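Inspection log for the structure reproduced underneath, given as structure tokens.
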Amino acid sequence: MQPEDAKNQHLTFKKKERICSKLTIERLLEKKQKFFVYPFKCYYDFTPRTDADSVHRILITVPKRNFKHAVDRNRLKRLIREAYRQNHRQIFDNQIPDNLRSDLFFLYVGKEILPYNLIEDKIIEILQRLTKVVRS
RNA sequence: AACAGCAGUUGUUCCGUCGCUGCUCCGAAAGGAGGAGAGGAAAGUCCGGGCAACACAGAGCACCGUGCUUCCUAACAGGAAGGGGUCUUGCAAAGGGCCACGGCAAGUGCCACAGAAAACAAACCGCCUGCACGCAGGUAAGGGUGAAAACGCGAGGUAAGAGCUCACGACGCCGCGCAGUGAUGCCGGUGAUGGUAAACCCCACGGGUUGAAAAACCAAAUAAACCGAGGCCUGAGGGCUGCUCGCCCGACUCGGAGGGUAGGUCGAUUGAGCCGGCCGGCAACGGUCGGACUAGAUAAAUGACGGAACUCGACAGAACCCGGCUUACAGACUGCUGUUUUUU
RNA sequence: GGCCCCGUAGCUCAACUGAAUAGAGCAUUUGACUACGGAUCAAAAGGUUACAGGUUUGAAUCCUGUCGGGGUCA
């Protein structure tokens, strides 16, 4: 399932790579597997791969409490998503065993909008930390 | 030309690479190609509709909303024109701003403190008359209190006074009066007198309730209930009986249907819409002809990187759809009005 | 997306059928008591009643509009 040929080197981010089901979200939060990398709080859950189509999925949330304007929340979600899209295949997907599938939940707990390069650094840090969790 | 006010328009642009959501085409699929992709406020949710489900003979009550007139409109608490009031500029003429602008003469309530008294009534200092030295009667001019004191002001009148009478003025109602569609203005008659209805309330008009998390369609899994068949070779068990047969019920097995959860589809994007011309209208707006073709997501699509330009980019992100209102907003442009200065 | 409620001293609340000094407890400051501190007693300070308009003689209270906070409906 991991991209091997040149054609699949496109760094896509499709609908099926997002968590859309409320049940999945509740299960993820009930497990309470989480850690902080400021300005993020990250929940994670690894499950065995059941069929070949299933992929790693993520969910991005920016609370309305900290960012009142929808414009600011959209901006942050787009930046986070772009950072994940650019990096997850290189440093995350290739390091995960083929029989595991992940659900990730990024919660932005910062109070102000950070520039893209900082957000990208933090996302990379989170993904690297997750690979260590899987191996241990 | 500058400044101020009001009204209106606009509110970064271009190229490349990667990526996101629909649509069309190609492809067995993976995927590829083409083209589309937030606003004037998308916001607040303050009003009005469309649409949908439920309810509903008719009428009334309660509750809520609206409240000068005429018109516009699908409708409105919106808009246009007008009337009235109020503030302001001005010598005036005139202009500008603002106004929740039906009714306290239908009833009830309230009006702190002060004051004699806050409206039923009554009289502190006064004024006048009588008795005779503090009491009785009359009075509401004047004083004082208060936000507000029995309509204002002048004359008559009187012991002193009083809308008690009269003129003028303020106010309500009436007139087939005159002008106007009307509010209203003018004229004439008549009548009452504190304020308060964003106090209860009265009058007129309007409103059924609930909202796309509405509604409609398709429909896994699972539990119990329902229907049909089996329930025997062997065997759950129970009833009709003392026993056997038989019949019935029935655990259980198989199948079905129903409602309907997860999930999916639809609602859902072409519309009381937009642009331009002509006609009607003071205007809001209406009619007609022509043209363009537009976001439709569903945990929810516009981003990242590199480059270029300028005035260096405000407020801010669709979630069923429209019409308004309110609020936020860097800069640029247009029109009108006023003031100042310069030139002709 | 729809609906509902609430903003009063630093904190928790009164006063919400208009009436003039917006009150109470805790906390703060000062003083007394004590060898010192706590507790107690006495006193003081602290408010644009979220903001802006309006009605009224008079508004925390009534009306309208903003801003902020909270709740509820799958």
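The structure presented is a predicted model; accordingly, all values stated were derived computationally and were not measured.
In this structure, B/rA38 is classed as syn because its glycosidic torsion stays within 90° of zero. With its glycosidic angle more than 90° from 0, B/rG207 is assigned anti. Glycosidic conformation, B/rG163: syn, with the torsion inside 90° of 0. For B/rG37, the O4'-C1' to base torsion is more than 90° from 0; the nucleotide is therefore anti.
As rounded to whole Å, 13 Å separates atom C1' of B/rA304 from atom CD1 of A/Ile124. Per the geometry, CD belonging to A/Gln86 stands 11 Å off P belonging to B/rA304, to the nearest Å. Counting to the nearest Å, the C1' atom of B/rC305 and the CD atom of A/Glu120 are 10 Å from each other. Distance OH (A/Tyr84) to C1' (B/rG303): 17 Å, rounded to an integer number of Å. Distance, A/Lys64 NZ to C/rG71 P: 13 Å, rounded to whole Å.
Checking B/rG35 for Watson-Crick or G-U wobble geometry (two distances, each under 3.5 Å) identifies no partner in any strand. Taking a pair to require two hydrogen-bonding distances under 3.5 Å in either a Watson-Crick or a G-U wobble arrangement, C/rC3 pairs with C/rG71. B/rC329 is unpaired under the criterion used here, namely a Watson-Crick or G-U wobble arrangement in which both key atom distances are under 3.5 Å. In this structure, B/rG208 and B/rC54 make a Watson-Crick or G-U wobble pair, each of the two defining distances being under 3.5 angstrom. Partner assigned to B/rA316 is none, using Watson-Crick or G-U wobble distances below 3.5 angstrom. The nucleotide B/rC173 finds its pairing partner in B/rG189, both defining distances of the Watson-Crick or G-U wobble pair being shorter than 3.5 Å. Here B/rA300 sits opposite no nucleotide as a Watson-Crick or G-U wobble pair (both hydrogen-bonding atom distances under 3.5 Å). With a 3.5 Å ceiling on both atom-pair distances, C/rU61 lacks any Watson-Crick or G-U wobble partner.
Checked by atom type and distance alone, the side chain of A/Arg81 never pairs as donor or acceptor with a backbone atom of A/Ile60 at under 3.5 Å. A side-chain donor-acceptor contact under 3.5 Å links A/His56 to the backbone of A/Ser102.
Between A/Arg78 and B/rU302 there is a side-chain N or O to OP1 or OP2 distance below 4.0 Å. Contact annotation: A/Arg81 reaches the phosphate of B/rU302 (side-chain N/O to OP1 or OP2, under 4.0 Å). Dashed line: the shortest gap from a side-chain N or O of A/Arg75 to OP1 or OP2 of B/rA304 is under 4.0 Å.
Taking atom C1' on both nucleotides, B/rC64 is separated from B/rC201 by 16 Å, rounded to a whole Å. Atom name P, nucleotides B/rA148 and B/rC153: the rounded distance is 16 Å, in whole Å. When the C1' atom is used for both B/rA167 and B/rA77, the distance is 49 Å, rounded to whole Å. Taking the C1' atom of each, B/rG188 and B/rA93 are spaced 32 Å apart, rounded to whole Å. For B/rA319 and B/rC71, the P atoms lie 38 Å apart once the distance is rounded to whole Å. Nucleotides C/rC11 and C/rG1 have their P atoms positioned 32 Å apart, rounded to a whole Å.
Close placement of the A/Tyr108 and A/Phe40 rings is indicated, their centers lying within 6.0 Å of each other.
If you check every strand for non-hydrogen atoms under 4.0 Å, A/Ile60 touches nothing.
Along RNA chain B, the nucleotide nearest A/Val71 and the nucleotide nearest A/Lys77 are compared for position; the residue whose nucleotide lies closer to the 5' end is A/Lys77.
Among the nucleotides B/rA299, B/rG317, B/rA301, the one closest to any side-chain atom of A/Ala70 is B/rG317. When the nucleotides B/rA38, B/rG19, B/rA304 are ranked by their closest atom to the side chain of A/Asn74, B/rA38 comes out on top. Here the side chain of A/Lys68 is nearest to one of C/rG68, B/rA304, B/rG317, namely C/rG68.
Remark: A/Asn87 CG to A/Leu127 CG distance equals 7.0 Å, nearest 0.5 Å. The CZ atom of A/Phe46 sits 5.0 Å away from the CG atom of A/Leu130 when rounded to the nearest 0.5 Å.
The cationic atom of A/Arg129 (NZ for Lys, CZ for Arg) lies less than 6.0 Å from the six-membered ring centre of A/Phe35 and within 45° of the ring axis.
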Please lay out, stage by stage, how A/Glu82 and A/Tyr116 fare under the test side chain to side chain contact (heavy atoms under 4.5 Å, CB included). CA-CA 9 Å; A/Glu82 179 68 13; A/Tyr116 174 74; 3.7 Å; yes
